[in-house]
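Chain A is the first sequence line, chain B the second, and so forth, proteins listed ahead of strands; every chain is numbered from 1.
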Amino acid sequence: MNIEKKIAQNVVEVVKKLYNADFEANKVLVQQTKKEFEGDFTIVTFAFTKIAGKSPEIIGQEIGAELLKINENIENFNIVKGFLNLILSKNQSISLLNEIVDNQDFGFIKATENSPLMMIEYSSPNTNKPLHLGHIRNNLLGYSIAEIQKANGYKVLKTNIVNDRGIHICKSMLAWQLFGNGETPENSGLKGDFLVGKYYVIFDKEYKKQINELISKGLTEEEAKKSAPLILDAQKMLFAWENGDKEVRELWQKMNLWVYAGFAETYEKLGVDFDKIYYESDTYLVGKQEVERGLAEEIFYKKPDGSVWADLTSDKLDEKLLLRADGTSVYMTQDIGTAKLRYNDFPISKMVYVVGNEQNYHFQVLAILLDKLGFEWGKSLVHFSYGMVELPEGKMKSREGTVVDADDLIAEMIDTAYQTSKEIGKFNELTENQALETARIIGLGALKYFILKVAPVKNMTFNPKESIDFNGNSAPFIQYTHARIKSVLSKAAENGIVLEKCANNLNINEKEKFLIQLLGQFPNTIREAGANFSPALIANYCYDLSKEFNQFYHDFSILKEENPQLKNFRLQLCTAVAQILKNAMGLLGIELPDKM
RNA sequence: GGUUCCGUAGCUCAGUUGGAUAGAGCAACAGCCUUCUAAGCUGUGGGUCAAGCGUUCGAAUCGCUUCGGAAUCACCA
């Protein structure tokens, strides 16, 4: 049991004894004492005024005195208004430090045979264009959430549903047939996803031309959009695809493979991966079957034109289309099919969808539909919704060419990291290969941290003109802190210092004590980040810890400390900070270099 | 118009189940490299937590109203 829980438990006992009242342990507020006050943990005593019928100060006095008797870790206390500040013994801090150094996985809960399985879907790209900044946020959040849930003891499966069919890919295919002149990634040197994206743009351009021509001939915009030859051909192609037309299927396969190769490269650069990939071309038919079943069981209904609908008015929502009049499936149909397949494949107890907040409504509906279809897990699905990434001028628009491509951004970040590092002389003692690797870690770290430190629900602004920060609250700052610690530790090793457990009776200072207690907060931070699906909590914890350590680093000597026991202690403290930073940043998918 | 989300310093953002004097970074200004890595440290200035009302011993946090912004309400995925 950790110290906070124990204190809370003690308070319950004390309250029972003093005031003869029952109080739940999880309602006792025990928090790390703020730096400006003396103490390690603080109990808010306002909560007990009604029970005790006394002033918060007196209650603090009384509880404090009793706690002193029953908890040997509590050495003293003080009271400021309604706040009872407990001062823990230095022994407690030192044994906590020993525990952290001893346990490489401090704060992590290991999954067992019986742990529940959480499946996390993220990324879910369309196959008609390259990944952009918005996808980066999705991928980073998805990966990080998966790591955080693993650390919370879940078995985790990362999955991706690839939107590989539909009118969008037909548009690229058609444009490539008409204007491609046999261009391939091999003969053009273009990355596969960019090549396919290029023809998607060409389709759009040509389509617009046709629309404008038709409008000038007197059609309304609406009519022109529907009757332009290109869109008709694309629809024809989709129909042919659905009917298994050999030629169309072959072209489809070929171009999708180009895209997958491109995506694989981007995923690898980003450091994200998947345990199981689903393709909509495999799941949409299953979805249709499920909808047919729902129709047969009168959960859904058919309109005169033949289209199938779900009536959600009893859930205060609208009607929802599930199958078009011509029998083809829509987005929702596919998601039902995908869910069915997944639950057939794995013993999932919780399903998480990492998808942008523009689809809040969609997932609200999906949960209800799955529930209606009799899937017990439907209602409990989690839509991990996140806000959009905006540019200073507003949303990214492909038409205006303001889309920030993932690959470009990654390359730019790494390049900036390389230039900056070189300028300030960080690479003087590194080989070129080491320098490149370090720049990769720093550039990518800066990008990941910049995105993950923001609370997921919020829209965030990204300014491509101002490069992402390498100072202050940033990954490079944390990486730098880690590198410094590693440097101190390796110097200690060079000097033949062998670290051992810290003795209990050391006279450590307040800053050191605070640092240890902060390290002790790591398990709580993981629990909270898991419960709230918030990598941002981890990011900000890493920053706090790094900042705290940097101050410590400046104020106290480590290697030059003359008392050998104290030197050992401080080196152990360094070890613990480095270890926690590495584990915590690992939850964000951010690497920490030993040198920089 | 209905629904959902957001609004905290000039800018970008933290602020944990309601708790102490609302915090960082960037930008500005002033210091600190003969001392374990200056991507660092110290200090100064900067706030009606969008506005109002309410609940509470206590509200940036909870509730209601108003204002501002975004998303969605597609036979697009």
Colleague: Using atom NZ of Lys171(A) as one end and atom P of rA77(B) as the other, report the distance to the nearest whole Å.
Modeller: 10 Å

Colleague: Between Ser144(A) (side chain only) and Leu140(A) (backbone N and O only), is there a donor and an acceptor less than 3.5 Å apart?
Modeller: no

Colleague: Sticking with atom P, work out how far rA24(B) lies from rG47(B), rounded to a whole angstrom.
Modeller: 15 Å

Colleague: Yes or no on ring pair (Phe, Tyr, Trp, His ring centres under 6.0 Å) for Phe549(A) and Phe552(A), after CA distance, side-chain angles and deciding distance?
Modeller: CA-CA 5 Å; Phe549(A) 181 83; Phe552(A) 168 77; 5.8 Å; yes

Colleague: Taking only side-chain N and O atoms of Lys81(A), does any of them lie within less than 4.0 angstrom of OP1 or OP2 on rU21(B)?
Modeller: yes

Colleague: Using the C1' atom in both, what is the distance from rU56(B) to rC11(B), to the nearest Å?
Modeller: 36 Å

Colleague: Is the closest basic N to carboxylate O distance between Lys303(A) and Glu319(A) below 4.0 Å?
Modeller: yes

Colleague: Could you tell me whether the phosphate oxygens of rA14(B), OP1 or OP2, come under 4.0 Å of any side-chain nitrogen or oxygen in Tyr541(A)?
Modeller: no

Colleague: To the nearest Å, give me how far apart CD (Glu548(A)) and P (rA24(B)) are.
Modeller: 11 Å

Colleague: Let me know the distance between NZ of Lys34(A) and C1' of rG15(B), rounded to the nearest Å.
Modeller: 9 Å

Colleague: Rounding to an integer number of angstrom, what distance separates rU72(B) and rA60(B) when you compare their P atoms?
Modeller: 33 Å

Colleague: Can you tell me the distance, in whole Å, between the OH atom of Tyr200(A) and the P atom of rA77(B)?
Modeller: 11 Å

Colleague: Give a yes/no answer on whether the side chain of Lys486(A) brings an N or O atom under 4.0 Å of OP1 or OP2 in rU37(B).
Modeller: no

Colleague: Closer than 4.0 Å, any side-chain N/O of Gln31(A) to the OP1 or OP2 of rU16(B)?
Modeller: no

Colleague: If I pick the C1' atom on rG23(B) and the same atom on rU61(B), what distance separates them, to the nearest angstrom?
Modeller: 15 Å

Colleague: Mind checking who rC36(B) pairs with, Watson-Crick or G-U wobble, both distances under 3.5 Å?
Modeller: none

Colleague: Which nucleotide, if any, forms a Watson-Crick or G-U wobble pair with rG68(B), using both distances under 3.5 Å?
Modeller: rC6(B)

Colleague: Could you identify the nucleotide paired to rC75(B), looking across every strand shown and requiring Watson-Crick or G-U wobble geometry with both distances under 3.5 Å?
Modeller: none

Colleague: Say we look at rG25(B) and rG40(B): how far apart would their C1' atoms be, to the nearest angstrom?
Modeller: 14 Å

Colleague: Does rA28(B) have a Watson-Crick or wobble mate here (both distances under 3.5 Å), and if so which one?
Modeller: rU44(B)

Colleague: Using whole Å, what does the distance between atom P of nucleotide rC26(B) and atom CG of Asn471(A) come to?
Modeller: 6 Å

Colleague: Could you tell me how far rC13(B) sits from rC49(B) if I compare only their C1' atoms? Round to whole Å.
Modeller: 14 Å

Colleague: Can you tell me the distance, in whole Å, between the CZ atom of Phe363(A) and the P atom of rU4(B)?
Modeller: 19 Å

Colleague: Considering only rC75(B), rG25(B), rC6(B), which nucleotide approaches the side chain of Tyr543(A) most closely?
Modeller: rG25(B)

Colleague: Tell me which nucleotide, if any, is Watson-Crick or G-U wobble paired with rA14(B) when both distances must be under 3.5 Å.
Modeller: none

Colleague: Does Arg324(A) put a side-chain nitrogen or oxygen below 4.0 Å from OP1 or OP2 of rA77(B)?
Modeller: yes

Colleague: In terms of side-chain geometry, is the basic nitrogen of Asp544(A) or Lys547(A) positioned less than 4.0 Å from the acidic oxygen of its partner?
Modeller: no

Colleague: Any Lys/Arg nitrogen of Lys288(A) or Glu292(A) sitting under 4.0 Å from an Asp/Glu carboxylate oxygen of the other?
Modeller: no

Colleague: Name the pairing partner of rG58(B), where a pair is Watson-Crick or G-U wobble with both distances under 3.5 Å, or state none.
Modeller: none

Colleague: Rounding to an integer number of Å, can you tell me how far Asn459(A) CG sits from rC6(B) P?
Modeller: 10 Å

Colleague: Between Lys511(A) and Asp555(A) (salt bridge meaning N to carboxylate O under 4.0 Å), is one present in this structure?
Modeller: yes

Colleague: Does rG58(B) have Phe46(A) stacked on its base, where the ring centres are within less than 5.5 Å and the planes differ by under 30°?
Modeller: no

